Amino acid sequence: MVHKFKQLGYNIVLDADSNGVHVFDDCAFDMLDHITAPLTEDMPAELPEKLSAYPEEDIRETYKELYSLYKEGSLFADDDYQKYSETMVKSPVKSMCLNVAHDCNLRCEYCFAQTGDFGGERCIMSSETGKKAIDFLIEKSANRENIELDFFGGEPLMAWDTVVETVNYARSIEKQHNKNFRFTITTNGVLLDDEKIDYINREMVNVVLSLDGRRETTDRIRKTLNGKSAYDVIVPKFQKLVAQRGDKDFYVRATFTKYNLDFTEDVLHLRDLGFEQLSAEPVVTDEKEPYALTEEDLPRIFEEYDRLCELMANRTEKKFNFFHFMVDLDQGPCAIKRLRGCGCGNDYVAVDPHGDIYPCHQFVGIDKWKMGNLNDGTFNDEIKTYFAKTHLYSKGGCADCWAKFYCSGGCNANSFIYEGDCRKPHKLSCELQRKRLECALALAVDKVVKQGNSDVN
């Protein structure tokens, strides 16, 4: 499956099934509209007429080069992955989202967790439940050594004692079980202080900092309980945490809505605040909400992604990383990751303050998807099997999409919540993903070209 597009002045061609990325001249780029697999060694006789803008000698030489790429398997390649999808099996649980707080000190309009309580009571996880989560992970991870746990909410800093006691418990027993816990935390920053900053920077391998960008963008939709500016409270604390973090991972996660379709300005503002690891996620919500993104917004959003892509390619710009524009052309994810994505409900689960287990944090509170409970030792293996077999070849239309091995079928929760079926991709998210991937591929190509790499086709 071949996808061609123009970005940053390059004619870029992705062969989806081989992951081959090529930069073609105009003749080769246009020729792809008139040839398809299987290619023959002899050039089709009608090509010179169909490509009359180019000299016939150039056409013949170009076809010869494309045929060579075809023979080596990097153009019009066969799909070698589908056969493996039929043997997808359950995996050990290797990561968990631990919802230590079903409460929050902000009231963000777009919050998928319904301002932090996930549609239920506001409550905090006990340290006993946190320790049971550690025991569960040790048991269910089988012989896997590295285990990941993300402290989440609501706002996890509201359950700070539980966070600390859970980490301490894991550290006290991990070696005897031959485990290595890697902790992360996602926070809005309101409750950060020097003690918490020191602890987070010492214990957490990654930190996700929620901030939407400019003051007016942030304060319009991220509301404090006392009416003060969330931006003014949070920004100095985030800057202090990042300044003391050294080379440990972090990123600032913004959410853009219909209110700020010029989200590049928010990304640049975050960069100017000193944050170089950035993300701006499109809000996913009911289209009836005034801040919701809809299909009519796509042209404007695409225009903004193009603008951001151009800025990032500009060597005179202060450099920063944008999460959705990062792609590894050399290695990338393993085959299983390409087919199944995040591992929701299979090797990744979420646990709420009551010990209830769900496929991921976005399924929390949906009774249909409750997998079990830490306190009574239940765990629904049928749901785990369902998600083990939920992959891009079991999702409608994904197998025919050029972005399939980068997207892996998209978010199962978004598919269920907005399309009614985990195996029916969320259409709007698909459109956004494909556009972001074009920008990511273009930036990867641009980097290689500017480094003078002669291997670019």
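Quick note: residue numbers are just sequence positions, from 1. Here the structure is a predicted model, which means the values were calculated and not measured. These values consider heavy atoms only, across backbone and side chains, with no hydrogens, waters or symmetry-generated copies.
- Among D272, D262, D219, the one residue that satisfies the salt bridge (charged side-chain N to carboxylate O under 4.0 Å, His left out) test with R214 is D262.
- Listed by first and then second residue, the salt bridge (Lys or Arg N to Asp or Glu O under 4.0 Å) pairs that reach into residues 96-110 are D103-R122, sequence neighbours excluded.
- Within the 4.5 Å cutoff, no side-chain heavy atoms of E287 are placed close to those of Y418.
- Checked for salt-bridge contact, E295 and K427 meet the test: a charged N lies under 4.0 Å from a carboxylate O.
- The number of heavy atoms from other shown groups lying within 6.0 Å of CZ (F323) does not exceed 12.
- For K240, the side chain to side chain donor-acceptor pair (under 3.5 Å) criterion is met by D194, not counting sequence neighbours.
- A pairwise comparison of heavy atoms in I134 and A170 identifies CD1-CB, 3.8 Å as the closest pair.
- A cation-pi arrangement is found for R220 relative to Y259, the charged atom lying closer than 6.0 Å to the ring centre and inside a 45° cone about the ring normal.
- Listed for the D352 side chain is no donor-acceptor partner under 3.5 Å among the backbone atoms of G365.
- Of the listed residues (T257, D266, T255), just one forms a side-chain hydrogen bond (donor to acceptor under 3.5 Å, both in side chains) with T217, and that residue is D266.
- With a 4.5 Å cut-off on side-chain heavy atoms, S141 and H177 do not count as touching.
- Around atom NZ of K424, no more than 12 heavy atoms belonging to other residues, nucleotides or ligands sit under 6.0 Å away.
- Using a cut-off of 4.0 Å between Lys/Arg side-chain N and Asp/Glu carboxylate O, R307 and E304 are scored as salt-bridged.
- Between Y406 and N19, some side-chain heavy-atom pair lies under the 4.5 Å cut-off.
- Residues L270 and L211 meet the side-chain proximity criterion, which asks for heavy atoms closer than 4.5 Å.
- Contact of the H324 side chain with the E281 side chain is registered, since non-hydrogen atoms from C-beta on lie closer than 4.5 Å.
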Q: Start with the C-alpha gap between Y305 and F263, add the side-chain angles, then the distance that decides, and say whether ring-ring contact (aromatic ring centres under 6.0 Å, His included) holds.
A: CA-CA 9 Å; Y305 279 137; F263 56 86; 5.2 Å; yes
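- One finds a salt bridge joining D446 and K450 here, because a Lys/Arg side-chain nitrogen approaches an Asp/Glu carboxylate oxygen to under 4.0 Å.
- Around the CD atom of E382, the shell of radius 6.0 Å holds no more than 12 heavy atoms that belong to other residues, nucleotides or ligands.
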Q: Before giving the answer on side-chain hydrogen bond (donor to acceptor under 3.5 Å, both in side chains), spell out for E121 and H354 the whole-Å C-alpha distance, their side-chain angles and the decisive distance to 0.1 Å.
A: CA-CA 11 Å; E121 63 176 335; H354 304 292; 3.2 Å; yes
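- Counting heavy atoms from C-beta on, the side chains of T186 and S210 come closer than 4.5 Å.
- L137 is listed as a side-chain neighbour of V93, based on a closest heavy-atom distance under 4.5 Å.
- Shown here for V351 and L374, the closest heavy-atom pair between the two residues is CG1-CD1, 3.7 Å.
- F302 has its side chain out of reach of E438: every pair of non-hydrogen atoms, C-beta onward, lies at least 4.5 Å apart.
- Without hydrogens or angle criteria, N346 side chain to G343 main chain gives no donor-acceptor distance under 3.5 Å.
- Under the ring pair (Phe, Tyr, Trp, His ring centres under 6.0 Å) test applied with F363, the options Y358, F112, W369 reduce to a single match, W369.
- In this pair, F325 and F322 present their aromatic rings perpendicular. The plane angle is above 60°, beyond the 30 to 60° band.
- Atom NZ of K318 sits in a crowded spot, with more than 12 heavy atoms from other residues, nucleotides or ligands closer than 6.0 Å.
- More than 12 heavy atoms of other residues, nucleotides or ligands lie within 6.0 Å of CG in N168, so this atom counts as buried by the packing criterion.
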